[in-house]
> 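One structure, pasted below without further comment.
Below, read A as the first sequence line, B as the second, and so on, with proteins coming before strands; counting in each chain starts at 1.
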There are 2 protein chains.
Amino acid sequence: MSNPPTLRKERERAVREELILTHARRLLLSNGFQGLSLDELARSIEYSKGTIYLHFDSKEDIALAVTTEALRERSNLFERATRFQGLSRERARAIGFACCHFMVTNPDYFNIDMMMKSQSFWDRASDKQREAYLTQSGRCFRSLQQVVLAAFEAGDLPAGSLPPEQISMAMASVTVGSHIMAEIPGLKMLAGIEDPIKMVRNNQDLLLDGLQWKPLLRDHDYNATDQRIRAEIFPEATWLKPG
Amino acid sequence: MSNPPTLRKERERAVREELILTHARRLLLSNGFQGLSLDELARSIEYSKGTIYLHFDSKEDIALAVTTEALRERSNLFERATRFQGLSRERARAIGFACCHFMVTNPDYFNIDMMMKSQSFWDRASDKQREAYLTQSGRCFRSLQQVVLAAFEAGDLPAGSLPPEQISMAMASVTVGSHIMAEIPGLKMLAGIEDPIKMVRNNQDLLLDGLQWKPLLRDHDYNATDQRIRAEIFPEATWLKPG
DNA sequence: ATATTTATTGACTCACGGTCAAAACTGACC
DNA sequence: GGTCAGTTTTGACCGTGAGTCAATAAATAT
């Protein structure tokens with residue numbers, strides 16, 4: 001039994017897996033799931049198709065892994081957001097900010113993510129990838145939950161109104177839904193949406209007001225908060241317009 | 001040139017198209033998009049595969065048509081809902097009710113609908129089907145919009161706060177998002193969601209409160225409203241639990 | 001009854017996801 | 001440095017299934 005080569009092999013394997021995912025993401029984003037050809041992918045990475053199947057069980061498995069990688073990135077942003085120093089609702093806003101920043105940075109991510117949630121896609125992925133995806137979902141959720149609990153402790157949310165998990169879910173729901181609605185080609189026109197991000201954030205504000213999360217939108221200068229969030233946590237977010 | 005036979009032909013064509021869609025829906029719902037085989041579909045309808053292609057451009061085209069049929073059904077429910085006699089927020093609630101009723105009646109619809117919105121699927125459908133889909137989306141949206149405008153007229157929504165289209169979009173967003181979140185396998189457990197429908201309606205309530213849509217949740221007995229909605233508009237909705 | 005147009009077919013192609021026996025490579029042992 | 005068991009990698013091959021189109025059947029016109 002030789003250890004050094006084994007370790008090297010593992011490292012090389014990890015590198016190759018990353019190589020596969022990098023190219024898979026590129027193909028997936030440019031041609032969609034249907035346009036992702038495993039023959040082309042094999043050619044891109046300069047390994048054979050068989051080798052790809054040493055890493056992943058199916059095409060769907062690869063797509064889910066790509067999605068999970070992006071989701072991990074999103075979780076990281078969320079965790080950074082929770083570290084914002086401020087009122088509880090400002091911290092919640094920082095998470096909303098993170099989410100929008102992610103959307104701007106990864107404009108095509110939602111398409112793939114939504115697709116993978118369709119039963120017939122989800123079912124064809126491996127347990128391993130499914131678990132990894134749920135782990136990252138959990139991380140996102142926990143970031144939210146942490147801020148919600150802090151809000152209860154600070155008395156910024158009315159005690160006993162709703163269980164905290166439900167509040168986190170509501171926040172996630174409005175965000176996901178807004179992103180989706182913003183992407184529907186025809187409705188954007190129909191509803192006169194000019195700036196999708198603005199809509200998302202707007203809807204988040206409405207929900208938090210509905211939850212009576214203090215301070216309410218009208219009682220605080222959240223534009224200033226946004227500027228602080230950007231300056232202190234997400235200096236790379238160049239999309240935020242002043243005012 | 002013969003007219004009578006032409007009319008009959010058109011009728012027969014429409015019947016056959018419906019036949020295709022009926023069977024396509026069955027296969028789609030039971031096996032998912034991947035499991036929908038055009039050979040099997042052809043066998044089901046007792047016509048050849050070529051004939052299917054006289055009606056639809058691609059597999060995606062068929063799937064979109066199935067989706068649109070369901071969406072048309074949903075639009076019908078929405079329009080019925082707008083006819084509820086009551087306060088503006090009660091009418092909005094009736095639409096929320098309709099949406100939940102639809103979800104209960106068509107539990108797998110959202111999967112397909114979400115999939116069709118992915119770029120690579122949408123792109124493979126025909127213009128004709130895309131337009132039909134957007135037409136039905138528009139009908140849903142307009143039902144919502146109608147109730148929102150009525151709310152402004154009645155003074156139940158604070159004037160000048162937000163443009164009505166944006167309010168409609170927010171309502172649609174929170175609903176769509178809640179449905180999606182409710183369906184994610186792992187998160188349901190993580191967040192302790194027991195009744196997905198309850199969550200959807202809850203989130204809708206929170207948003208409408210956030211919009212200051214009078215009367216607020218705490219100022220009105222909306223359980224009674226639900227009972228009336230069911231009795232007067234949706235007697236077939238057996239899922240509504242009393243209380 | 002026959003010609004012409006229209007409707008329908010299903011065998012065929014081709015692309016692609018997935019497999020696996022064979023080839024290439026590795027490193028342990030003499 | 002040569003041999004060989006074990007491991008890794010390969011790419012030709014398979015089955016499936018979407019989409020096509022020349023051939024056929026049915027309907028209609030003459």
> For the pair made of OH in A:Y53 and P in D:dT9, what is the distance, rounded to whole Å?
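Rounding to the nearest Å, OH of A:Y53 and P of D:dT9 are 17 Å apart.
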
> Find the distance A:I52:CD1 to C:dC20:C1' and express it as a whole number of Å.
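Distance, rounded to whole Å: 16 Å.
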
> Send over the distance from A:H55 NE2 to D:dT8 P, rounded to a whole Å.
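Rounding to the nearest Å, NE2 of A:H55 and P of D:dT8 are 11 Å apart.
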
> If I take atom CD in residue B:E12 and atom P in nucleotide D:dA26, what distance separates them, rounded to the nearest angstrom?
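In whole Å, D:dA26 P lies 15 Å from B:E12 CD.
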
> Let me know the distance between CZ of A:R13 and P of D:dT7, rounded to the nearest Å.
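Distance, rounded to whole Å: 15 Å.
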
> Would you check if the side chain of A:S58 reaches a backbone N or O of A:R124 as a donor-acceptor pair within less than 3.5 Å?
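Looks like yes, one N/O pair under 3.5 Å.
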
> Anything under 3.5 Å between a protein N or O and an N or O of nucleotides 13-15 of chain C, put it in a table, one pair a line.
none

> Report yes if the side chains of B:L38 and B:I62 come closer than 4.5 Å at any heavy-atom pair, otherwise no.
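The answer is yes; the side chains approach within 4.5 Å.
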
> For A:D39 and D:dC13, give me the distance from atom CG to atom C1', rounded to whole Å.
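Spelled out: CG on A:D39 to C1' on D:dC13 is 12 Å.
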
> Among residues 17-37 of chain B, which contact DNA chain C at a heavy-atom distance under 4.0 Å?
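Correct list: empty, so none.
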
> Can you name the closest pair of heavy atoms from B:A63 and B:I112 and give their distance?
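Looking at all heavy atoms of both residues, the shortest contact is O-CG2, 4.5 Å.
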
> Taking only residues at least two apart or on different chains, which pairs with a member in residues 6-31 of chain A satisfy ring pair (Phe, Tyr, Trp, His ring centres under 6.0 Å)?
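Checked against ring pair (Phe, Tyr, Trp, His ring centres under 6.0 Å) - neighbours excluded - no pair reaches residues 6-31 of chain A.
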
> Between B:F121 and A:F33, is the gap from one ring center to the other below 6.0 Å?
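Between A:F33 and B:F121, which both carry aromatic rings, the centre distance is not below 6.0 Å.
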
> Are there more than 12 heavy atoms of other residues, nucleotides or ligands under 6.0 Å from atom CD of B:E194?
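Yes, enclosed.
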
> Scan for salt bridge (charged side-chain N to carboxylate O under 4.0 Å, His left out) pairs involving residues 63-75 of chain A, sequence neighbours excluded, and state none if there are none.
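Output for this query lists A:R25-A:E69.
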
> Of the candidate nucleotides D:dT28, C:dT19, D:dG19, which contains the atom at the shortest distance from the side chain of B:K9?
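Looking only at side-chain atoms, B:K9 lies closest to D:dT28.
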
> CD1 of B:I62 versus C1' of D:dG17: gap in Å, rounded?
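Computing the B:I62:CD1 to D:dG17:C1' distance gives 13 Å.
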
> Round to a whole Å and report the spacing from CD of B:E60 to C1' of D:dG17.
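For the pair B:E60 CD and D:dG17 C1', the rounded distance is 13 Å.
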
> How about B:E236 and B:R230: do any of their side-chain heavy atoms sit closer than 4.5 Å?
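No; the side chains remain at least 4.5 Å from each other.
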
> Applying side-chain hydrogen bond (donor to acceptor under 3.5 Å, both in side chains), name anything that partners A:T51, two or more places apart in sequence or on another chain.
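So A:T51 forms a side-chain hydrogen bond (donor to acceptor under 3.5 Å, both in side chains) with A:S48.
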
> Below 3.5 Å between N/O atoms, which protein atoms pair up with nucleotides 8-10 of chain C? Just atom names and distances, please.
unit_1 : atom_1 : unit_2 : atom_2 : d
C:dT8  : OP1    : B:R16  : NH1    : 3.1
C:dT8  : OP2    : B:R16  : NH1    : 3.3
C:dT8  : OP2    : B:R16  : NH2    : 3.2
C:dT9  : OP2    : B:S48  : N      : 3.2
C:dT9  : OP2    : B:S48  : OG     : 3.4
C:dT9  : OP2    : B:T51  : OG1    : 2.5

> Is the distance between the ring centroids of A:F234 and A:W239 under 6.0 Å?
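A:F234 vs A:W239: aromatic centres not under 6.0 Å.
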
> I'd like to check B:I52 versus B:I45 (side-chain heavy atoms, cut-off strictly below 4.5 Å). Are they in contact?
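B:I52 reaches B:I45 side chain to side chain.
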
